[in-house]
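Right, one structure below, let's go through it.
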Number of protein chains: 2
Amino acid sequence: MALEHAILVSLLEQPGSGYELARRFERSIGYFWTATHQQIYRVLKRMESDGLLDVRDVPQERRPDKKEYSVAAPGRAALSGWLHEPIEPESLRHDLAVKIRGAAFDDPAALLHEVERHHRVHSDRLAHYLAGELRDFTGPGAPAPLDAGQELQHVVLRGGIAYERMTVVWLDDVLATLRRLGATGPHI
Amino acid sequence: MALEHAILVSLLEQPGSGYELARRFERSIGYFWTATHQQIYRVLKRMESDGLLDVRDVPQERRPDKKEYSVAAPGRAALSGWLHEPIEPESLRHDLAVKIRGAAFDDPAALLHEVERHHRVHSDRLAHYLAGELRDFTGPGAPAPLDAGQELQHVVLRGGIAYERMTVVWLDDVLATLRRLGATGPHI
DNA sequence: GCTTGCTATGCAACCAGTTGCATAGAACGA
DNA sequence: TCGTTCTATGCAACTGGTTGCATAGCAAGC
């Protein structure tokens with residue numbers, strides 16, 4: 001269950017509430033792990049009752065109070081244990097690829113709009129990541145030299161950038177292929 | 001539920017038994033979707049009772065009999081309907097990236113073996129995909145010209161190749177970063 | 001004769017994650 | 001004043017997927 005571990009890493013980097021975690025999962029952590037707020041609240045509750053996390057009620061002005069979570073010693077130990085366990089290299093779950101192969105049994109050209117939409121989303125993500133890299137790591141306002149944590153965050157972000165760049169190039173290839181098939185003849 | 005659709009695509013490309021599907025999911029379809037045999041048998045049963053698939057008992061010599069599934073008309077219609085629906089661009093679920101960020105709170109150098117192992121797995125997958133491409137699409141024994149279905153299978157395979165190639169390059173980057181951190185000083 | 005491995009199918013229990021819904025105070029704009 | 005958005009938390013029901021286990025025939029090798 002890697003959500004637990006992703007939460008431990010995120011809370012070690014910076015303690016925060018469930019709501020704040022959910023927003024982080026839409027941004028930086030979300031580069032490589034996603035979670036909804038429901039899932040996060042549930043797991044936080046379980047982790048706290050398991051003694052992995054500490055909670056602190058934080059009254060706030062002009063907005064609802066929040067519960068700030070931080071990592072307790074057993075949480076840190078649990079993360080460390082996980083880090084020393086081997087994990088399976090992940091495999092893809094790529095719906096769009098299923099669709100592309102399925103298009104052979106339908107109209108390939110009908111997929112064009114869908115693929116173009118995915119192309120836009122991945123281009124946007126790439127631009128977003130590149131802006132983040134400039135802001136946090138390579139731009140003039142970035143800290144230099146980076147500490148170990150920042151170096152590791154940067155190399156993970158470079159992975160996200162490489163993934164989005166690769167995906168955009170591949171989707172160009174897919175679009176060209178679909179157009180070629182649509183132009184040269186009917187489908188099966 | 002994309003497993004249903006992946007099964008429909010696979011059975012349209014070639015009818016087969018649950019066991020054969022499971023092996024395909026370890027190979028070509030598994031480039032972009034994974035499933036265990038238990039999951040496949042269960043879904044096949046449901047799809048058949050929903051009328052999406054036809055079954056045929058096939059007695060075999062020298063090995064147990066099998067049930068050969070093929071796509072019925074409603075199954076084809078269901079696939080077509082899904083192809084015309086938009087889907088969400090997928091997001092990553094990358095455990096290793098969580099580990100890498102987590103290494104800041106442990107010993108970065110301890111991750112080296114793990115990352116090297118992943119590097120080997122992805123290098124092997126890349127070699128495997130490239131061999132498949134040569135065999136089925138670009139080598140001397142490959143059909144030419146390709147039909148629409150083969151063109152689409154090829155473009156999906158090119159996606160898998162691009163993914164593995166990108167991953168191998170990124171893991172080189174990760175290894176260099178971990179070694180640099182291990183060499184220059186202690187962790188947090 | 002025994003073990004190992006391959007083909008072939010399946011059940012049962014569990015777990016992670018999604019979807020839909022609910023609540024509630026405060027700010028903000030039409 | 002009314003609807004919308006943002007912060008903040010949560011429950012309940014469901015679904016998709018994993019894990020562990022079971023069965024059974026046949027082939028190959030020791």
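Note that the structure is a prediction, hence the values are computed from the model and not measured. Atom set for the values below is all heavy atoms of this structure, side chains included, hydrogens, waters and symmetry mates excluded. Each chain gets a letter, A, B and so on, in the order the sequences are listed, and its residues count up from 1.
- A:Gln14 contributes no side-chain N or O that, together with a main-chain N or O of A:Leu11, makes up a donor-acceptor pair within less than 3.5 Å.
- Nearest nucleotide to the A:Arg46 side chain, out of C:dA8, D:dA8, C:dA16: C:dA16.
- Spacing between atom CG of A:Asp95 and atom P of D:dG16 amounts to 12 Å, rounded to whole angstrom units.
- Distance from the side chain of A:His37 is smallest to D:dT9 among D:dT9, D:dG17, D:dA24.
- Under the 4.0 Å criterion applied to side-chain N and carboxylate O atoms, B:Glu13 and A:Arg101 are assigned as salt-bridge partners.
- With a 4.5 Å cut-off between side-chain heavy atoms of Ile, Leu, Val, Met, Phe, Trp and Tyr, the cluster of B:Tyr163 takes in A:Leu92, A:Tyr163, A:Met166, B:Leu92, B:Met166.
- We find that A:Arg46 and A:Glu4 are joined by a salt bridge, their nearest charged nitrogen and carboxylate oxygen being less than 4.0 Å apart.
- In this model, a donor atom of one side chain and an acceptor atom of the other lie less than 3.5 Å apart for A:Thr34 and B:Arg93.
- Residue B:Lys67 places at least one side-chain N or O under 4.0 Å from the OP1 or OP2 atom of C:dG10.
- Taking 4.0 angstrom as the limit, B:Arg42 places none of its side-chain polar atoms (N or O) nearer than this to OP1 or OP2 of C:dT9.
- Of the candidates D:dT18, C:dG17, D:dA8, D:dA8 carries the atom nearest the A:Gln60 side chain, counting heavy atoms from C-beta on.
- Distance CD (A:Glu88) to P (D:dG17): 18 Å, rounded to an integer number of Å.
- Phosphate contact (OP1/OP2 of C:dG10, side-chain N/O of B:Tyr41, threshold under 4.0 Å): absent.
- For DNA chain D, the neighbouring residues in residues 16-26 of chain A, judged by any heavy atom under 4.0 Å, are A:Ser17, A:Gly18, A:Tyr19, A:Arg23.
- Using a cutoff of 4.0 Å between basic side-chain nitrogens and carboxylate oxygens, B:Arg180 and A:Glu151 are scored as salt-bridged.
- The nearest whole Å value for the distance from the CZ atom in A:Arg93 to the P atom in C:dG17 is 12 Å.
- For the pair A:Gln39 CD and D:dT9 P, the interatomic distance rounds to 16 Å; values are reported in whole Å.
- Of the two residues near DNA chain C, B:Glu68 and A:Leu3, the one whose nearest nucleotide lies more 5' is B:Glu68.
- Listed pair B:Arg63 / D:dA24 fails the phosphate criterion, with no side-chain N or O lying under 4.0 Å from OP1 or OP2.
- Counting to the nearest Å, the P atom of C:dA16 and the NE2 atom of A:His5 are 10 Å from each other.
- Residue-to-nucleotide proximity on DNA chain D shows that, of B:Trp33 and A:Tyr69, the 5′-proximal contact is made by A:Tyr69.
- Ion pairing between A:Glu116 and A:Arg179 holds under the 4.0 Å rule for side-chain N and carboxylate O.
- Separating the CD1 atom of A:Ile7 from the C1' atom of C:dG17 is a distance of 13 Å, rounded to the nearest angstrom.
- In this structure, B:Gln38 does not reach the D:dT19 phosphate: none of its side-chain N or O atoms is under 4.0 Å from OP1 or OP2.
- Taking a cutoff of 4.0 Å between a charged side-chain nitrogen and a carboxylate oxygen, B:Arg117 and B:Glu114 qualify as a salt bridge.
- Remark: P of C:dA12 and NZ of B:Lys45 are 11 Å apart, rounded to the nearest angstrom.
- As a whole-Å value, the separation of B:Arg56 CZ from C:dA8 P is 14 Å.
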